[in-house]
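All remarks here apply to the structure that follows.
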Amino acid sequence: VNGTFYKCRIQSALSLQSIVKSGKARSWGVSNWGVRELQQLYEATGVRPMVNQIEYHPWYHQDVDLLDVNSTVTYCQKNGIAITAYAPNAAYPRAAMLDDPAVQALAKKTNHTTGEAA
């Protein structure tokens with residue numbers, strides 16, 4: 001459970017935190033960390049990243065969700081960790097989501113472009 005990859009994550013986070021404390025950076029973040037990794041980090045160091053970048057969009061495949069995105073988003077919201085999405089317009093197939101009737105309806109309802117609504 002707490003092997004080399006765990007130690008690497010913890011040491012990297014501590015190094016990034018020291019850069020912030022030195023004033024050379026304002027914040028730091030992680031990518032594709034789930035609840036388990038975020039909890040381990042906090043338990044080991046008492047620090048949290050400012051942001052967690054994850055794949056997140058209306059077409060996200062819940063059936064193959066190894067990260068458990070909904071739990072991760074909830075955990076991040078409760079602990080002040082911002083979420084940023086990569087592939088927010090579902091890159092596969094590229095931009096096809098913009099033609100999705102549900103996304104188009106949401107865009108119209110909220111007075112946004114389909115790209116903004118997605």
Side-chain angles (χ1 to χ4, degrees):
V1 169
N2 292 341
T4 303
F5 189 58
Y6 166 84
K7 292 174 187 173
C8 181
R9 284 195 316 262
I10 299 301
Q11 187 57 49
S12 295
L14 290 172
S15 296
L16 291 166
Q17 188 66 22
S18 71
I19 293 170
V20 170
K21 285 183 180 180
S22 75
K24 294 179 181 176
R26 290 183 287 191
S27 61
W28 61 276
V30 296
S31 181
N32 296 317
W33 282 32
V35 172
R36 179 177 151 227
E37 292 83 11
L38 293 165
Q39 286 175 330
Q40 286 176 338
L41 173 66
Y42 187 74
E43 290 167 5
T45 66
V47 299
R48 290 188 171 100
M50 294 299 297
V51 66
N52 187 11
Q53 183 183 45
I54 57 175
E55 182 177 2
Y56 198 53
H57 50 76
W59 285 3
Y60 188 76
H61 292 281
Q62 297 295 327
D63 56 332
V64 293
D65 184 8
L66 300 177
L67 189 62
D68 191 10
V69 167
N70 289 331
S71 294
T72 299
V73 169
T74 300
Y75 179 87
C76 288
Q77 289 172 334
K78 287 181 180 178
N79 290 284
I81 303 168
I83 293 290
T84 186
Y86 70 83
N89 292 327
Y92 310 102
R94 186 154 310 278
M97 182 189 304
L98 303 181
D99 295 326
D100 184 304
V103 173
Q104 289 176 342
L106 177 63
K108 185 175 181 179
K109 180 178 178 181
T110 61
N111 198 30
H112 289 87
T113 68
T114 52
E116 291 169 332

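Nearest heavy atoms, Pro49 versus Ile81: O-CG1, 3.5 Å. In this structure, Asn32 and Glu55 approach most closely via the heavy-atom pair OD1-N, 4.2 Å.
Counting heavy atoms from C-beta outward, Asn79 and Leu38 have side chains that stay 4.5 Å or more apart. Looking at heavy atoms from C-beta onward, Leu41 lies in side-chain contact with Trp33 at the 4.5 angstrom threshold.
With rounding to the nearest 0.5 angstrom, the OG1 atom of Thr4 is 11.0 Å from the CZ atom of Arg9. The NZ atom of Lys7 sits 14.0 Å away from the OG atom of Ser12 when rounded to the nearest 0.5 Å. Once rounded to the nearest 0.5 Å, the distance linking CZ of Arg48 with CH2 of Trp28 reads 11.0 Å. Here OG of Ser31 is found 9.0 Å from CD1 of Ile54. Values are rounded to the nearest 0.5 Å. Distance CG/Asp99 to OG1/Thr114: 7.5 Å, rounded to 0.5 Å. With values rounded to the nearest 0.5 angstrom, Ile83 atom CD1 is found 9.5 Å from Thr74 atom OG1.
Under the side-chain hydrogen bond (donor to acceptor under 3.5 Å, both in side chains) criterion, Thr110 pairs with His112, not counting sequence neighbours. By the side-chain contact (heavy atoms from CB on, under 4.5 Å) test, Ala25 is found to be paired with Ile19, Val20, residues two or more places apart in sequence or in another chain being considered. For Ala102, the side-chain contact (heavy atoms from CB on, under 4.5 Å) partners two or more places apart in sequence, or in a different chain, are Asp100.
Put simply, Tyr75 and Tyr6 are part of the same group of oily side chains (I, L, V, M, F, W, Y) that touch within less than 4.5 Å, one to the next.
Counted within 6.0 Å of OH on Tyr42, heavy atoms from surrounding residues, nucleotides or ligands total 12 or fewer; the atom is thus considered open.
At distances below 3.5 Å, at least one donor-acceptor pair connects side-chain atoms of Glu37 with backbone N or O atoms of Gly34.
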Start with the C-alpha gap between Ser18 and Ser22, add the side-chain angles, then the distance that decides, and say whether side-chain contact (heavy atoms from CB on, under 4.5 Å) holds.
CA-CA 6 Å; Ser18 71; Ser22 75; over 6 Å; no

